[in-house]
Enquirer: 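The structure that follows is given in the form of structure tokens.
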Protein chains: 2
Amino acid sequence: MQCKRNFSAKREAIYRTLSSTDSHPTAEWIYEKLKVQIPDLSLGTVYRNLSVFKEAGLIKSVGVINGHERFDWDTSQHSHFVCSCCFRIIDIPKSRMFIDQNTLSHLENECDVHIQGHSITFYGLCGDCSKNSIESEDN
Amino acid sequence: MQCKRNFSAKREAIYRTLSSTDSHPTAEWIYEKLKVQIPDLSLGTVYRNLSVFKEAGLIKSVGVINGHERFDWDTSQHSHFVCSCCFRIIDIPKSRMFIDQNTLSHLENECDVHIQGHSITFYGLCGDCSKNSIESEDN
DNA sequence: TAATAATTAAGAACAGTTATCGTTTTGGAG
DNA sequence: CTCCAAAACGATAACTGTTCTTAATTATTA
């Protein structure tokens, strides 16, 4: 991959689809979304380009949630909340939970490691699932 | 599963193998380790019992690292370091990096979620891989 | 002992992802 | 524009970690 300006039409569409949502989608989701506009798109192409983007540092993986890798266009340091019920992923405001450089340095010494990054994931029930589980108790 | 005392011999062996290492192993690793002593052990049995333990809250999953689910006998709240090179997982001392209840409460309100837990993962190079990558530069 | 429940091995099935391969598209040079 | 090489592509097979099925075995209870 050269630079962003040289994206092929499909590559561009895949990147645009990912970067226009905050839902931290799967490859499949992006594929389904784009198939409407680009009927001859292949799922393999979505996977391949997501790998290309990831390798180029243009996107990040949130990790494998419920068996599906989830992607994030926002490569800046931020935390996520993952709903254990519907597997929705919600961004935690960036102002929160920042681990300072001093702590990282101490950790590196203490554990004999070289830290390049970190991720904080909260899990529990999202608002909707929380509400639903209360409603379904009313029987 | 009833209670820990009623473990079958193989279930017991699987739990013992996991709980006697800090390597956060995969199902495969436990299987290979036990196959020596228990030749008629099946990999499916290891997977099944790990699920049973997880469901019972006896063990935790560290998540899927490099395509393999990693398990941890230590269910208490603690953080991990994951080496991006050899995928070793190192426990971070429990004294470090805990997020207080007050912060969690604020987060729950701010994001409209119900937080049940969280995990902090640091990544980078472990001591060994860091050393090796420096050595291989000397060419 | 007989009936019942729990656990297991073996291997088939499954799902998400990656690799292969022949074709098409793209972008630069002449 | 035309040619060419490199990049990207679609289709689909292959791969891999995990789960499921089934029949057999083992443990428990009556």
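Owing to the predicted nature of the structure, the values given are computational and were not obtained by experimental measurement. By convention in this document, chain letters (A, B, ...) are assigned in the order of the sequence lines, proteins followed by strands, and residues within each chain are numbered from 1.
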Enquirer: Whole-Å distance between D:dT26 P and B:Lys10 NZ?
Expert: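 Atom NZ in B:Lys10 sits about 9 Å away from atom P in D:dT26.
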Enquirer: Name every residue in residues 30-42 of chain B that has at least one heavy atom under 4.0 Å from any atom of DNA chain C, in order of residue number, or write none if there are no such residues.
Expert: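 By residue number: B:Asp40, B:Leu41, B:Ser42.
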Enquirer: From CD of A:Glu55 over to P of D:dA8, roughly how many Å is that when rounded to an integer?
Expert: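 Roughly 13 Å, once rounded to whole Å.
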Enquirer: Can you check nucleotides 19-24 of chain D for protein contacts, nitrogen or oxygen pairs under 3.5 Å, and list what you find?
Expert:
none

Enquirer: In this structure, how many angstroms lie between the P atom of C:dT7 and the CZ atom of B:Arg11, rounded?
Expert: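 Between P of C:dT7 and CZ of B:Arg11: 4 Å.
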Enquirer: Whole angstroms only, please: what is the CG-P distance between A:Asn49 and C:dT26?
Expert: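 Rounding to the nearest Å, CG of A:Asn49 and P of C:dT26 are 13 Å apart.
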Enquirer: Flag the pair B:Asp22 and B:Arg88 as a salt bridge only when some basic side-chain nitrogen lies within less than 4.0 angstrom of an acidic carboxylate oxygen.
Expert: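 No, B:Asp22 and B:Arg88 are not salt-bridged.
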Enquirer: Distance check, rounded to the nearest 0.5 Å: B:Ile89 atom CD1 versus B:Asp72 atom CG?
Expert: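 That separation rounds to 8.0 Å.
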Enquirer: Give, for atom OH of A:Tyr31 and atom CD1 of A:Ile14, the distance between the pair rounded to the nearest 0.5 Å.
Expert: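 With rounding to 0.5 Å, OH (A:Tyr31) is 11.0 Å from CD1 (A:Ile14).
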Enquirer: Within less than 4.0 Å of OP1 or OP2 of C:dG16, is there a side-chain N or O belonging to A:Asn66?
Expert: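 The answer is no; no side-chain N or O of A:Asn66 sits under 4.0 Å from OP1 or OP2.
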Enquirer: When clusters are formed from ILVMFWY side-chain contacts under 4.5 Å, directly or step by step, what else is grouped with B:Val36?
Expert: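 Cluster partners of B:Val36: none, it stands alone.
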Enquirer: Please report, to 0.1 Å, the donor-acceptor pairs under 3.5 Å made by any side chain of residues 54-65 of chain A, with sequence neighbours excluded.
Expert:
from    : atom 1 : to      : atom 2 : distance (Å)
A:Lys54 : NZ     : A:Glu69 : OE2    : 3.0
A:Lys60 : NZ     : A:Thr75 : O      : 3.3
A:Ser61 : OG     : A:Gly63 : N      : 3.0
A:Ser61 : OG     : A:Glu69 : OE2    : 2.6

Enquirer: In this structure, how many angstroms lie between the C1' atom of D:dC9 and the CD atom of A:Glu12, rounded?
Expert: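 One finds 17 Å between C1' of D:dC9 and CD of A:Glu12, rounded.
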Enquirer: With no hydrogens and no angle check, is any side-chain donor or acceptor of B:Trp73 less than 3.5 Å from a backbone partner on B:Ser20?
Expert: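 Side chain of B:Trp73 to backbone of B:Ser20: no pair is present.
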Enquirer: Under 4.0 Å from OP1 or OP2 of C:dT25: is there any side-chain N or O of A:Ser8 that close?
Expert: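 The answer is no; no side-chain N or O of A:Ser8 sits under 4.0 Å from OP1 or OP2.
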Enquirer: To the nearest Å, how far apart are B:Phe7 CZ and D:dA27 P?
Expert: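 One finds 16 Å between P of D:dA27 and CZ of B:Phe7, rounded.
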Enquirer: Output a table of donor-acceptor pairs, distance under 3.5 Å, between side-chain atoms of residues 107-114 of chain B and any protein atom two or more places apart or on a different chain; print 'none' if there are none.
Expert:
from     : atom 1 : to       : atom 2 : distance (Å)
B:Glu108 : OE2    : B:Ile115 : N      : 2.6
B:Glu110 : OE1    : A:Arg96  : NE     : 2.6
B:Glu110 : OE1    : A:Arg96  : NH2    : 2.9

Enquirer: Take the protein atom CG of A:Leu50 and the nucleotide atom C1' of C:dG16, then report the distance between them rounded to whole Å.
Expert: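 From A:Leu50 CG to C:dG16 C1': 13 Å.
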Enquirer: Using ring centroids (six-membered ring only for Trp), state whether B:Tyr15 and B:Phe53 fall under 6.0 Å.
Expert: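 Ring centres of B:Tyr15 and B:Phe53 closer than 6.0 Å.
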Enquirer: B:Trp29 CH2 to D:dG17 C1': how many Å, rounded?
Expert: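 After rounding, the gap between these two atoms is 19 Å.
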Enquirer: Taking only residues two or more places apart in sequence or in another chain, which ones pass ring pair (Phe, Tyr, Trp, His ring centres under 6.0 Å) with B:His80?
Expert: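 With neighbours one apart ignored, the set is B:His24, B:His78.
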Enquirer: Taking only the side-chain heavy atoms of B:His68 (C-beta and beyond), determine which of D:dG17, C:dT8, D:dC9 contains the nearest atom.
Expert: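 Side chain of B:His68 sits closest to D:dG17.
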